[in-house]
Asks: 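What follows is a single structure, and I will ask about it in a moment.
Note that the structure is a prediction, hence the values are computed from the model and not measured. The first residue of the sequence shown is numbered 1, and numbering continues consecutively from there.
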Amino acid sequence: MRIIIFGGDGFCGWPTSLYLSKMGHEVIIVDNLSRRKIDLELECNSLTPIQSIGKRVSKWNELTKNNIKFINFDVAKNYSQLLNLFHSFKPDSIIHFAEQRSAPYSMKGSKGKRYTIDNNLNATNNLLSAIVESKQDVHVVHLGSMGVYGYSSVGLKIPEGYINVKVKDYNNKDIETEIPYPPRPGSIYHLTKTQDSLMFAFYNENDGIRVTDLHQGIVWGTQTNETSIHDDLINRFDYDGDYGTVLNRFLMQAAIGHPLTVHGTGGQTRAFIHIKDMVKCIEIALLNPPKKNDKVLVFNQMTETHNINDLANKISNLMGVSISYLKNPRNEANANDLIVENECFLNLGLNPITLDNGLLSEVRNIAKKYCNNCDESKILSQSFWTEANKPKKN
């Protein structure tokens, strides 16, 4: 299969690129290296020492004899180059990771909001427009977010994309119909993911583009079998208040003896997935595309849910560190339930890695090994959803 991975230098994109290359697919990475530029902006590097994309790709090609090609351009801005790539490479599938992926960064003032909207929405529309203009039948696999559903407790098990509803027609008769599950984005980042869904629905119905939208939970873990082959291939590990996901942040804090930072009451429930399972899910989606004229496929890409308090206590007991409760920088409920359907991937053969089976090795092999690279001044979140969420100055 010929595959273009947009955003293939990132936390999810890099291990996905290596895995699909190992499986024998012809892989091209397209990336504008914006995540590396944001490291410079935030003055905070990955806990793990990541090499340049050129060195990464060169080492992979040298070690495996499986060639990955890297092209540096911005899909949100360079439409002509994007269209030329579709004409020349003629991909069977594309994987769309080319979006600013941090909710806190997207709420980091007007700059973060405007960049997230400009980049994410233009990238998605350009990709879809280029498929139409190139007149090719390309399967789009997009990495979305569970956060598009919101985190309010509404008493429903969150379905995989669609819900059956009963309404009254104009004659006051009951009719049943299927609609997309109502979105409730909690940040500008999540707002772009809901807009992505609308674009996919439009291009799917209007132009017949085949799309699989993966609503992903929080990814934890760092390494896959492929990124572990050599130090030059190591994946990034973000621990800072803007890009560090809650579990990876806890693991790093535990490794250096820093109190675990719980925002608000800790009563929030979130969905999680290990990075190895994330990669496997991408492959499953590629191998099970929707048929022509099928509606957009939506998979909930998660394997388990955990209450943040329970998660912090689990790691606290495991590592002997304290827990610190901080004012929540987000504008969200103090607590929520989260019950999610994920039968699609399980029925297609996913055998999940659980937190109970993987936490200790992650602490030992990554967080402790590289803890000297941690800048403790970057741990606390500096992005606040509203003025009221900012901590009061003494």
Asks: Report the C-alpha distance between Cys344 and Asn300 in whole Å, list the side-chain angles of each, state the deciding distance to 0.1 Å, and finish with yes or no for side chain to side chain contact (heavy atoms under 4.5 Å, CB included).
Replies: CA-CA 8 Å; Cys344 287; Asn300 288 337; over 6 Å; no

Asks: Is there a donor-acceptor contact under 3.5 Å from the side chain of Asp277 to the main chain of Pro352?
Replies: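 Flag not set: sc Asp277 to bb Pro352 has no pair under 3.5 Å.
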
Asks: Can you establish whether the number of heavy atoms outside Lys327 located under 6.0 Å from its atom NZ is more than 12?
Replies: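 Correct, the count exceeds 12.
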
Asks: Consider only side-chain heavy atoms of I, L, V, M, F, W and Y, link residues closer than 4.5 Å, and tell whether Leu121 and Phe200 are in one cluster.
Replies: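 Yes, Leu121 and Phe200 fall within the same hydrophobic cluster.
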
Asks: I'd like to know whether Tyr203 forms a side chain to side chain donor-acceptor pair (under 3.5 Å) with Asn125, so could you lay out the CA-CA distance, the side-chain angles of the two residues, the decisive distance to 0.1 Å, and finally the verdict.
Replies: CA-CA 9 Å; Tyr203 278 95; Asn125 188 55; 2.7 Å; yes

Asks: Do Tyr325 and Asn309 have side-chain heavy atoms sitting under 4.5 Å apart?
Replies: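 Side chain of Tyr325 against side chain of Asn309, heavy atoms only: contact under 4.5 Å found.
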
Asks: Can you tell me how far the CG atom of Leu143 sits from the CZ atom of Arg101, to the nearest 0.5 Å?
Replies: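 So the gap between those two atoms works out to 10.0 Å.
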
Asks: Scan Arg36, Arg35, Lys37 and name whichever one has a salt bridge (Lys or Arg N to Asp or Glu O under 4.0 Å) with Asp39.
Replies: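 Considering Arg36, Arg35, Lys37, a salt bridge (Lys or Arg N to Asp or Glu O under 4.0 Å) with Asp39 is found only for Arg35.
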
Asks: Can you hop from Leu350 to Met302 via hydrophobic side chains spaced under 4.5 Å?
Replies: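 Per the 4.5 Å side-chain linkage, Leu350 and Met302 are not co-clustered.
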
Asks: Which pair of heavy atoms, one from Cys281 and one from Ile273, lies closest together, and at what distance?
Replies: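 Smallest interatomic distance, heavy atoms only, reads SG-CD1, 4.0 Å.
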
Asks: Any donor and acceptor pair, going by atom type alone, linking the side chain of Asn171 with main-chain N or O of Lys173 inside 3.5 Å?
Replies: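 No; zero donor-acceptor contacts below 3.5 Å.
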
Asks: Can you tell me if Asp92 uses its side chain to pair, donor with acceptor, with the backbone of Ile3 under 3.5 Å?
Replies: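 Not at all, since once roles are kept as given, no pair shorter than 3.5 Å links the two residues.
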
Asks: Are there more than 12 heavy atoms of other residues, nucleotides or ligands under 6.0 Å from atom NZ of Lys166?
Replies: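 No, the 6.0 Å shell around NZ holds no more than 12 heavy atoms from other groups.
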
Asks: Does the pair Lys314/Asp310 count as a salt bridge with the N-to-O cut at 4.0 Å?
Replies: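 So Lys314 does not pair with Asp310 through a salt bridge.
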
Asks: Tell me whether Ser106 contacts the main-chain N or O of Ala103 through its side chain, where contact means a donor paired with an acceptor under 3.5 Å.
Replies: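 Looks like yes, one N/O pair under 3.5 Å.
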
Asks: Check whether the side chains of Thr303 and His274 place a donor and an acceptor atom closer than 3.5 Å, and report yes or no.
Replies: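 His274 and Thr303 do not have a side-chain donor-acceptor pair below 3.5 Å.
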
Asks: Checking Ser383 against Asp242: is there a side-chain donor and acceptor pair closer than 3.5 Å?
Replies: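 Yes.
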
Asks: Linking I/L/V/M/F/W/Y whenever their side-chain heavy atoms sit closer than 4.5 Å, directly or via other members, would Ile379 and Leu311 fall into one cluster?
Replies: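 Different hydrophobic clusters.
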
Asks: Is the number of heavy atoms from other residues, nucleotides or ligands within 6.0 Å of CD (Glu62) greater than 12?
Replies: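 Count over threshold, so yes.
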
Asks: Can you tell me how far apart CD (Gln253) and CD (Glu376) are? Round to the nearest 0.5 Å.
Replies: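 One finds 9.5 Å between CD of Gln253 and CD of Glu376.
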
Asks: Are the side chains of Ile50 and Trp14 in touch, meaning some heavy atoms are under 4.5 Å apart?
Replies: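 Contact flag for Ile50/Trp14 side chains = no.
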
Asks: Using modelled atom types and a 3.5 Å cut-off, is there a donor and acceptor pairing between side-chain atoms of Asn336 and backbone atoms of Thr269?
Replies: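 The answer is yes, because a donor-acceptor pair under 3.5 Å joins these two groups.
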
Asks: Give a yes or no on whether Val298 and Val165 share a hydrophobic cluster (residues Ile, Leu, Val, Met, Phe, Trp, Tyr; joining criterion: side-chain heavy atoms under 4.5 Å apart).
Replies: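 Yes.
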
Asks: Among Asn248, Asn373, Asp375, which one satisfies side-chain contact (heavy atoms from CB on, under 4.5 Å) with Leu47?
Replies: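 Among the candidates, only Asn373 passes.
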
Asks: Could you grab the distance from atom CG of Leu127 to atom CD1 of Ile4, nearest 0.5 Å is fine?
Replies: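 The CG atom of Leu127 sits 9.0 Å away from the CD1 atom of Ile4.
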
Asks: Does CD belonging to Glu205 count more than 12 external heavy atoms closer than 6.0 Å?
Replies: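 Incorrect, the count does not exceed 12.
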
Asks: Do Ile315 and Tyr370 share a hydrophobic cluster (ILVMFWY, side-chain heavy atoms under 4.5 Å, transitive)?
Replies: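 Not linked; separate clusters.
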
Asks: Would you say that Tyr189 contacts Met107 through its side chain, given a criterion of any heavy-atom pair below 4.5 Å between the two side chains?
Replies: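 Tyr189 does not reach Met107 side chain to side chain.
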
Asks: Give the C-alpha distance, both sets of side-chain angles, the deciding distance and a yes or no for side chain to side chain contact (heavy atoms under 4.5 Å, CB included) between Asn67 and Lys69.
Replies: CA-CA 6 Å; Asn67 290 321; Lys69 182 179 179 181; over 6 Å; no

Asks: Do Asp137 and Arg210 meet the salt-bridge criterion of a basic N to acidic O distance under 4.0 Å?
Replies: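 Salt bridge between Arg210 and Asp137, a charged N being under 4.0 Å from a carboxylate O: yes.
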
Asks: Quick check: closest heavy atoms across Trp385 and Gly186, and the distance to 0.1 Å?
Replies: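 So the two residues come closest at NE1-O, 2.7 Å.
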
Asks: Hey, mind stepping through Glu26 and Phe89 against side chain to side chain contact (heavy atoms under 4.5 Å, CB included) and telling me if it holds?
Replies: CA-CA 10 Å; Glu26 186 177 354; Phe89 186 61; 3.4 Å; yes

Asks: Indicate the ring-plane relationship of Phe299 and Phe345, choosing parallel, tilted or perpendicular according to the 30° and 60° boundaries.
Replies: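 Judged by the thresholds at 30° and 60°, the geometry between Phe299 and Phe345 is perpendicular.
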
Asks: Within a strict 4.5 Å, meaning less than it, do heavy atoms of the His142 and Met199 side chains meet?
Replies: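 Contact flag for His142/Met199 side chains = no.
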
Asks: When you check the gap from the basic side-chain N to the acidic O, do Arg56 and Asp9 get nearer than 4.0 Å?
Replies: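 Here Arg56 pairs with Asp9 in a salt bridge, since their nearest N and O are under 4.0 Å apart.
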
Asks: Distance check, rounded to the nearest 0.5 Å: Ser21 atom OG versus Ile29 atom CD1?
Replies: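 Result: 9.0 Å between the selected atoms.
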
Asks: Quick one: closest heavy-atom pair of Gly161 and Tyr149, and the distance?
Replies: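 Taking every non-hydrogen atom into account, N-OH, 3.5 Å.
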
Asks: Donor-acceptor pair, distance only, cut-off 3.5 Å: does the side chain of His230 make one with the backbone of Asp232?
Replies: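 Yes; at least one donor-acceptor contact below 3.5 Å.
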
Asks: How close do Trp60 and Thr64 get, counting heavy atoms only, and between which atoms?
Replies: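 Minimum heavy-atom contact is O-OG1, 2.7 Å.
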
Asks: Whether the side chain of Ser88 engages the backbone of Asn84 through a donor-acceptor N/O pair (distance < 3.5 Å, no angle test) should be reported.
Replies: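 Such a contact is found between Ser88 side chain and Asn84 backbone.
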
Asks: Is it true that Lys168 and Asp174 make a salt bridge, defined as a side-chain N closer than 4.0 Å to a carboxylate O?
Replies: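 Yes, charged N to carboxylate O under 4.0 Å.
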
Asks: Return the CD to CD1 distance between Gln223 and Ile234, rounded to the nearest 0.5 Å.
Replies: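 If I round to the nearest 0.5 Å, the distance is 4.5 Å.
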
Asks: Begin from the C-alpha positions of Tyr239 and Leu251 and carry the test side chain to side chain contact (heavy atoms under 4.5 Å, CB included) through to its verdict.
Replies: CA-CA 9 Å; Tyr239 64 89; Leu251 294 177; over 6 Å; no

Asks: Within a radius of less than 6.0 Å around NZ of Lys111, do more than 12 heavy atoms belonging to other residues, nucleotides or ligands occur?
Replies: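 No, the 6.0 Å shell around NZ holds no more than 12 heavy atoms from other groups.
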
Asks: What closest approach, in Å, do Ala285 and Leu214 show between heavy atoms, and which atom pair accounts for it?
Replies: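 Smallest heavy-atom distance, with atoms named: CB-CD2, 4.2 Å.
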
Asks: Could you tell me if Thr386 and Asn389 have a donor-acceptor pair between their side chains, going purely by distance under 3.5 Å?
Replies: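 There is such a pair between these side chains.
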
Asks: Is the backbone N or O of Asn225 less than 3.5 Å from a side-chain atom of Lys276, with the two atoms forming a donor-acceptor pair by type?
Replies: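 Not confirmed, Lys276 side chain does not pair with Asn225 backbone.
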
Asks: Compare all side-chain heavy atoms of Phe272 with those of Met146 and state whether any distance is below 4.5 angstrom.
Replies: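 Counting from C-beta outward, Phe272 and Met146 never come under 4.5 Å.
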
Asks: Keeping the roles fixed (side chain from Ser316, backbone from Val321), state whether a donor-acceptor pair exists under 3.5 Å.
Replies: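 Here the side-chain-to-backbone pair exists.
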
Asks: For Gln100 and Tyr105, which I'm curious about, is there any donor-acceptor pair between the side chains at under 3.5 Å?
Replies: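 No, Tyr105 and Gln100 have no side-chain donor paired with an acceptor closer than 3.5 Å.
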
Asks: Below 4.5 Å, heavy atoms only, C-beta onward: do His190 and Thr194 meet side chain to side chain?
Replies: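 Result no, sub-4.5 Å side-chain heavy-atom pair not found.
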
Asks: For the CG atom of Leu287 and the NE2 atom of His139, what is their distance to the nearest 0.5 Å?
Replies: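 Here the interatomic distance stands at 10.0 Å.
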
Asks: Any side-chain heavy atom of Leu286 sitting closer than 4.5 Å to one from Leu20?
Replies: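 Contact flag for Leu286/Leu20 side chains = yes.
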
Asks: With salt bridge (Lys or Arg N to Asp or Glu O under 4.0 Å) as the test, would you mind laying out the steps for Glu178 and Lys295 before giving the verdict?
Replies: CA-CA 12 Å; Glu178 182 184 71; Lys295 67 183 179 183; 2.5 Å; yes

Asks: Would you say Pro329 and His263 make side-chain contact, with heavy atoms under 4.5 Å?
Replies: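 Answer yes - side chains close enough.
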
Asks: Is a side-chain donor or acceptor of Asn235 paired with a backbone partner of Phe11 at a separation under 3.5 angstrom?
Replies: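 Yes; judged by distance alone, with no hydrogens or angles, the pair exists.
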
